[in-house]
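Shown next, in structure tokens, is the structure this report addresses.
All values below come from the heavy atoms of this structure, side chains included, with hydrogens, waters and symmetry mates left out. Order of the sequence lines fixes the chain letters, A, B, ..., with proteins taken first and strands second; residue numbering starts at 1 for each chain.
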Amino acid sequence: MLANRKLILAHFWLAFAVFGVALTLGAWQMFIRSPIGTWLSNPELYYRSLTAHGTVMGYVFPTLVAMGFGYAISESALEQRLVGVRWAWAGFWLIVAGSVMAVIPVALGRASVLYTFYPPLIGSPFYYIGVVLVVVGSWIWVALMSINLRVWRKAHPGAPVPLAMFANVAGSYLWAWTAVGAALELLLQIIPVAVGLKATIDAGLARVFFSWTLHAIVYFWLMPTYIAYYTIVPRAIGGRVYSDTMARISFILFLVVAMPIGMHHTFADPQVGAGFKFIHSAFTALVALPTLLTVFTICASVEIAARLRGGRGMFGWIGALPWDNPMMLALAFSFVMLGFGGAGGLINMSYQLDTSIHNTQWITGHFHLIFGGAIVIMYFAIAYDLWPHLTGRELIDVRMIRIQLWLWFAGMIVTTFPWHWVGILGMPRRMAYFDFADSAIAPQALSVTFSAIGGFILLISGLLFLLILARGMRSPATEAGPYRFSLAVHQPVTVPLALNTHALWVTLMIALTVTNYGYPILTLALSQGTSVPAVYVGAQ
Amino acid sequence: MSARDLFTFRNRHFSLGVGLTAAILVVTAIAGFIVLPFAQPWVQFANVWDAICSAAGVPQRAPSVDLTPDKRLSAVVLTSRTLPRPNQEAIGRGATLAQRCAICHGPTGISRADSPNLAGQYSAVIYKELHDFRSGARTNAVMTPFAVNLTDQEIADLSNYYAYLPRLPAYHPTPQLPKPNIVIYGAPMRGIAPCGSCHGSLDNKTGSPWLEGQSETYLKAQLQAFATSERRNDISQQMRNIARAMTPQEIDEAAAYYASQPPDVVKAVD
């Protein structure tokens, strides 16, 4: 029962359209600083492109996917029409307005500050205000998800909240709180400087605020993917979720421990005390827990499907899985990339090991493998799964879908593995140019070339994805039926209050933010003489 | 189902959730703030509180460190408010003051004496150099006596005046030379950013002068002065680190290249 198909389609189409543009920029960036490209002679163009790529891929694209998917979940899992459709459209248009407002100064070279802002670098205020509008637009979605769940609860007192919606609302709360860090940085620090009310900025404090957002945002990006693991994949391959409770525990663990860990991004920053870095490092280790729970539960769920299809033996069931089903393929690729990316992440979160790869291409490789790989490939899968329900038309060419997923997987491995490798060799990130003719870095040229080729494979796959969706809009009409989510082996009849509501976990999330961020932020905010003059982009 | 049923220790999920979270927090805090600081044999703490403060990042300054530099350093801070938009009056005052500069820098801001051409130079640049000459961060037998008696207002006026003058072709343009590698690529393996990434040609960074059409002799002399640390008013040794790593040939190429460029190309990056 998807009543507001237009709303959901608008979110998805905008998300994938901007994704296509940012992907093209990304491939160009890989090419231009690799040995096969000719150096532009103008690093500013590179950083301009990098800012656009990061802003779209980090803020606009995943937010729109989470929103569109969230509305779809709300309508289909709760089986009730979306409450507040006008507000939802308002949120959508705010994101459109914010994106346009942000991208114009970036295109003009007035805001080449990268999506992580990097104060004391200061760009055009329109860029930051645009980003704020995108966030405000998404906060409307957060409120709507909460309101829709409340309306449903009133109509179904005491009933277990469907898993998809429980997870969806958990993701929205996580986003609402994690976005506060960057919002504080923008509103209290950067925008006053960008509009000329102040001329100095405390860059250390800004970095701490940003770390508040920067790590948990990854788990916000991850939420649609995890929701798909639990609530779409088992249904799509003919299995059942092994444990509904385990799924709920995973999502509440994300809510609690995804937030107070961001300072592992500031291990090399002198303004944060080593004790806090240690606490954040320890909590980062805990974040592996919900992922391990998920991998276990999903593997068990998949095994159920395989055994139902006649799979036998300790490992023999793996062959019985429906490998020609795009959802199965996407899940397997996603898990492989999550495995490698997660292992790399354990290195990043270790205080000592981090020093050897800090600010190298290893980091770029890591987050592309996790986000671009494990997460985005499931965004594709979600779109493929939802499309017939949104358009009323079937996606006929399954072979093309499989090719697209294979290309994305191969492209991501070819791109990110050499990236990790040259990172270990010491190649710094955020560089517009490398002189591979120099004997000291000449051995890295081959790896970087492979990486750039991987970038083009990804571009082809991304364009193929858009083509499949666009062709799906014109295929013959069909009745897709109501959109359903996976059933659990034991469907929940009663769920403990703590696992049916979010209040306790949101409280713990905020409490841990206070304990883990309160003191560092307060001391930095109250210390005198820690601000430096702003450096205005393109100013003389 | 209400908050009262949830937020109570009678609810075992509440007790478990809060208890586990608090326990993990306490254990990691003890490890991070007490155990690990003392596990560093090379750091001495007076007591546990001292260790906690250190791990928490409480700002401390060791009393024994003397931060007074042995030579005078540039103390100029440039912000967006340092040089307000000039008015005609300020430019007029600057023009009057500039008459005494004309003997070296030329009546139109174009030098015949291998001194810098100032016509159309960025006001922030002139502002900084005059301040540095006045404070002694930069010294020159001819220039210092002119600068020592200038007031803040006069420095601002002079900066605005010269920035206002049109950029005229210099007296010594040679045929325009092609861009040498050092200007366009720098030397990444020696940590040298391209000259053009700050001084024009590629990009311009606040506080960096444009160099097109400046005297080759002057440019070369300044690079050599930076390399020997005879000149030291660059912030954080930016130019000294670059000039020290440059080869004599690169210094010649960069100076010759910039001297050969007409100053009107500066416009392209403004």
| field | Non-hydrogen atoms of A:Phe209 and A:Gln189 that approach each other most closely | value | CD1-OE1, 3.4 Å
| field | Residue A:Phe434 versus chain B: region with a heavy atom under 4.5 Å | value | neither
| request: Counting only heavy atoms closer than 4.5 Å, note whether A:Phe276 contacts chain B via side chain, backbone, both or neither. | output: both
| Inter-residue atom distance A:Leu293.CG - A:Thr245.OG1, 0.5 Å rounding | 11.5 Å
| task | Tell me, for B:Ala187 versus chain A, whether the close heavy atoms (under 4.5 Å) come from the side chain, the backbone, both or neither. | result | neither
| said: How about OH on B:Tyr164, more than 12 heavy atoms from neighbouring residues, nucleotides or ligands closer than 6.0 Å, or not? | reply: no
| Is the NZ or CZ atom of B:Arg167 positioned over B:Tyr122's six-membered ring, under 6.0 angstrom from the centre and within 45° of the axis? | yes
| message | Check whether A:Lys277 reaches the backbone of A:Met263 with its side chain - one donor and one acceptor, N or O, closer than 3.5 Å. | response | no
| field | Charged tip of A:Arg248 within 45° of A:Phe166 ring normal and under 6.0 Å | value | yes
| remark: Residue from B:Asn11, B:Val58, B:Val77 scoring the most non-hydrogen pairs under 4.5 Å with chain A is B:Val58
| message | At a 4.5 Å cut-off on heavy atoms, which part of B:Val18 comes close to chain A: side chain, backbone, both, or neither? | response | both
| message | Looking at chain B, which one of A:Ser527, A:Ala511, A:Ala503 has the largest number of heavy-atom pairs inside 4.5 Å, strictly under? | response | A:Ala503
| So, B:Asn233 and B:Glu129: side-chain donor and acceptor under 3.5 Å apart, yes or no? | yes
| task | Under 4.5 Å heavy-atom distance to chain B, tell me which part of A:Leu286 shows up: side chain, backbone, both or neither. | result | side chain
| Side-chain donor-acceptor contact under 3.5 Å, B:Asn117 with B:Gln121 | no
| said: Taking the basic N atoms (NZ, or NE/NH1/NH2) and the acidic carboxylate oxygens, is any pair closer than 4.0 Å for A:Asp435 and B:Arg190? | reply: no
| query | What part of A:Thr530 lies closer than 4.5 angstrom to a heavy atom of chain B: side chain, backbone, both or neither? | reply | neither
| Is there a donor-acceptor pair closer than 3.5 Å between any side-chain N or O of B:His199 and the backbone N or O of B:Cys195? | no
| task | Return the option, out of B:Ala22, B:Ala31, B:Ser197, B:Ala56, with the maximum number of heavy-atom pairs under 4.5 Å with chain A. | result | B:Ala56
| field | Proximal component of A:Leu524, with respect to chain B [non-hydrogen, under 4.5 Å] | value | neither
| field | Those residues of residues 32-54 of chain B, ordered by number, that approach chain A below 4.5 Å (heavy atom to heavy atom) | value | B:Gly32, B:Phe33, B:Leu36
| task | Go through the atoms of A:Leu508 and report whether side chain, backbone, both or neither lie under 4.5 Å from a heavy atom of chain B. | result | side chain
| Are side-chain heavy atoms of A:His280 and A:Tyr517 found at a separation under 4.5 Å? | yes
